[in-house]
Protein chains: 2
Amino acid sequence: MAGFARFQAVLRLFDETASAWTVPAMSDALGVPASTVYRTVRDLVAGGFLEAAHESVYRLGSAFIEYDRLLRLTDPLVAAGRGALHDLVAQAHTPCVALLSRLYNDQVMCVVDEAARDTAFRPSYERGRPMPLTQGATSKVILAHLPARQLNRLIGGPKDGDARHAALRRELADIRKRGFCATASEIDAGLAGIAAPVIVREAGIIASLSLVADDSRLEESQRRRLVLLVVSAASLVAEELRYALTPPTIVEPRHKMVKQ
Amino acid sequence: MAGFARFQAVLRLFDETASAWTVPAMSDALGVPASTVYRTVRDLVAGGFLEAAHESVYRLGSAFIEYDRLLRLTDPLVAAGRGALHDLVAQAHTPCVALLSRLYNDQVMCVVDEAARDTAFRPSYERGRPMPLTQGATSKVILAHLPARQLNRLIGGPKDGDARHAALRRELADIRKRGFCATASEIDAGLAGIAAPVIVREAGIIASLSLVADDSRLEESQRRRLVLLVVSAASLVAEELRYALTPPTIVEPRHKMVKQ
DNA sequence: AAATTAATTCTCAAAAAATGAGAATATTGA
DNA sequence: TCAATATTCTCATTTTTTGAGAATTAATTT
């Protein structure tokens with residue numbers, strides 16, 4: 001293990017259930033000598049990616065908060081999504097959570113979320129949490145609009161198809177045709193998801209905007225209304241992105257030299 | 001430049017005003033050959049720390065969103081602060097923004113923020129934004145409770161004191177004695193800040209909890225009430241942290257081997 | 001205060017990886 | 001299709017990283 005992988009491997013140790021690590025424990029878990037891990041950790045601490053808590057225990061560092069803010073402020077999808085989701089949950093006039101999600105490696109990740117006032121539940125999809133590719137309206141809408149090659153890589157080519165695989169393919173084709181996807185209890189029991197695609201081919205953006213609401217309270221007319229809201233919010237976001245991205249974001253070299 | 005510095009240098013290029021970079025531009029800015037930067041960027045993209053937008057332009061990657069979520073969920077200070085700030089802005093009964101901030105390298109960074117309903121302004125202090133050490137109630141409260149050695153390193157030893165330096169020292173001593181700090185228009189014109197320390201020595205935690213409100217609307221009685229609120233919220237957070245951290249977070253080695 | 005234990009840094013030679021310049025290749029837009 | 005860029009590749013050289021254990025430091029106990 002070398003180069004960046006070394007740092008990645010350490011950072012990947014941290015998750016919801018293991019949020020604090022000692023160096024010996026990392027050394028153990030990674031099968032790498034302690035002296036090596038100490039050096040790696042020292043670098044990560046210097047960069048703010050890890051922080052020494054008390055008693056030789058390390059946690060994720062504040063640099064992630066800093067970079068997350070930058071991303072929130074500067075990422076076109078996130079920026080466009082924030083306003084749209086805010087409006088969407090207000091117009092929904094019912095407890096719900098709105099999400100904007102995109103592909104992230106082999107999973108789908110929500111990059112903006114917003115809950116309506118007085119929404120008691122929280123869906124499993126939430127900002128920053130990687131979710132499975134093939135379940136839930138949010139993910140399926142993204143899958144449905146992926147270029148064929150990429151889709152094949154992610155869920156396997158059309159030939160190696162068992163029955164479930166063929167069914168998924170059919171469902172995706174259907175979603176593409178309809179322009180939205182609605183599911184219930186696929187991710188969270190009792191919650192329904194309604195998702196529509198946010199596609200800006202020129203910019204390589206394939207995302208999905210979705211609304212999660214309590215399924216039992218969702219009458220058919222209400223459901224149709226929300227589908228319309230979601231679909232139009234999604235095309236609004238797409239439009240905003242097209243507009244924001246046409247004068248392609250200028251990259252100005254700053255001729256800043258790096259020290260050392 | 002080698003090791004981790006290489007990756008850091010690339011990531012540090014990204015900020016609010018330069019959020020999208022081409023490799024040639026990075027190569028230029030860093031004074032490093034393009035072929036080298038391509039390799040570095042490839043690693044960062046593989047790790048999710050950078051993402052290729054359209055047309056050979058790179059942006060910060062979603063890994064930051066993922067790690068930020070983990071941090072939000074697992075960092076004791078952040079976790080304790082979220083609830084406290086939520087309650088605080090509700091009890092304030094006036095438009096305001098509450099912040100929980102800590103030292104971050106040579107600056108102060110807010111790690112949780114929460115605005116009361118119908119708060120029109122947004123203070124410069126916001127989650128993830130590094131702020132100067134010596135201005136604003138938020139920062140001063142932190143400075144005031146730093147161990148002498150650390151303080152000397154950050155603002156210079158007691159001997160090399162000009163008038164301003166001596167005044168700051170006096171102010172810090174005063175803050176330590178009073179147990180809070182209130183300022184007005186030090187960071188944002190027209191906004192007042194009230195901050196109290198969140199100290200948990202056993203855990204090495206030195207943070208500050210603050211409330212920002214419109215200065216012109218702030219009568220003396222109201223101000224006193226808010227000071228009380230802030231001070232008690234701060235000690236509540238400290239107490240919660242002591243409780244959460246006494247059974248020191250167990251680090252369970254997972255004996256997970258790294259691939260490759 | 002000394003002793004014990006654990007954490008962390010240091011040392012150094014061997015092994016591995018990064019570097020840079022340019023060639024080779026892919027991708028993109030006209 | 002052609003040009004213009006972007007990106008990857010190649011390879012000899014230089015520079016790190018690595019790992020094992022010793023040395024040091026820090027924390028805790030006796």
Side-chain angles (χ1 to χ4, degrees), chain A residues 1-11 13 20-47 50-59 147 149-150 200-205 245-251 253 257-260, chain B residues 1-11 13 20-47 50-59 147 149-150 201-204 245-246 248-253 257-260:
Chain A
M1 179 182 27
F4 193 61
R6 189 161 56 105
F7 302 104
Q8 276 258 85
V10 168
L11 292 177
L13 291 173
W21 286 80
T22 64
V23 172
M26 297 187 220
S27 160
D28 240 38
L30 297 172
V32 168
S35 59
T36 300
V37 177
Y38 273 111
R39 275 184 292 235
T40 305
V41 167
R42 199 194 318 161
D43 287 345
L44 288 169
V45 169
L50 285 184
E51 272 170 14
H54 62 128
E55 289 177 22
S56 73
V57 168
Y58 293 88
R59 300 185 164 282
R149 193 168 317 145
Q150 206 173 354
V200 186
R201 296 249 176 254
E202 320 85 273
I205 291 177
L245 294 172
T246 27
T249 314
I250 306 306
V251 179
M257 288 300 170
V258 97
K259 314 96 195 170
Q260 290 197 304
Chain B
M1 179 182 25
F4 194 61
R6 187 160 58 104
F7 302 104
Q8 275 259 86
V10 168
L11 291 177
L13 291 174
W21 286 80
T22 65
V23 171
M26 297 187 221
S27 160
D28 239 38
L30 297 173
V32 168
S35 58
T36 299
V37 177
Y38 273 112
R39 274 183 294 235
T40 304
V41 167
R42 199 197 311 160
D43 288 345
L44 288 169
V45 169
L50 285 184
E51 272 170 13
H54 62 128
E55 290 175 23
S56 73
V57 168
Y58 292 87
R59 299 185 164 284
R149 193 168 316 145
Q150 205 172 354
R201 296 248 175 254
E202 320 85 273
L245 294 171
T246 24
T249 315
I250 306 306
V251 180
E252 14 159 359
M257 288 302 167
V258 97
K259 315 96 191 172
Q260 286 193 312

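Just so it is clear, the structure is predicted and the values come from calculations on it, not from any experiment. In what follows, every chain begins at residue 1, and chains take the letters A, B, ... in the order their sequences are listed.
In this structure, R59(B) CZ and H54(B) NE2 are separated by 6.5 Å, a value rounded to the nearest 0.5 Å. Between the OH atom of Y58(A) and the CG atom of L50(A) there is a distance of 8.5 Å, given to the nearest 0.5 Å.
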- Message: I need a per-nucleotide contact map over nucleotides 6-11 of chain D, read 5' to 3'. Cutoff is protein heavy atoms under 4.0 Å; write B for the base, S for backbone only, - otherwise.
- Response: SBBBB-
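Look at CG on L30(B): it is 15 Å from C1' on dT19(C), rounded to the nearest Å. Taking atom CD of residue Q8(B) and atom P of nucleotide dA18(C), one finds them 17 Å apart after rounding to whole Å. Distance W21(A) CH2 to dT8(C) P: 15 Å, rounded to the nearest Å. Distance R201(B) CZ to dA27(D) P: 15 Å, rounded to the nearest Å. Atoms CE (M26(B)) and C1' (dG20(C)) sit 18 Å apart, rounded to a whole Å. Across the protein-nucleic acid pair, E202(A) atom CD and dT28(C) atom P stand 14 Å apart, rounded to whole Å. The distance from atom CZ of R6(B) to atom P of dG20(C) is 10 Å, rounded to the nearest whole Å.
The shortest distance between side-chain heavy atoms of P33(B) and Y38(B) does not fall below 4.5 Å.
Of the candidates dG20(C), dA20(D), dT16(D), the closest approach to any side-chain atom of T36(B) belongs to dG20(C).
Qualifying side chain to side chain contact (heavy atoms under 4.5 Å, CB included) partners for F4(A), counting only residues two or more places apart in sequence or in other chains: F7(A), Q8(A), F7(B), D43(B), L44(B), F49(B).
When each of A2(A) and P33(B) is assigned the nucleotide of DNA chain C bearing its nearest heavy atom, the one mapping closer to the 5' terminus is A2(A).
In the helix from dA1(C)-dT30(D) to dA30(C)-dT1(D), the terminal helix axes, each the rotation mapping four pairs' C1' atoms onto the next four within five end pairs, subtend 60°, rounded to 10°.
The backbone N or O of V32(B) sits less than 3.5 Å from a side-chain atom of S27(B), completing a donor-acceptor pair.
Among the candidates V37(A), D28(A), V57(A), V41(A), the single residue satisfying the side-chain contact (heavy atoms from CB on, under 4.5 Å) test with T22(A) is V57(A).
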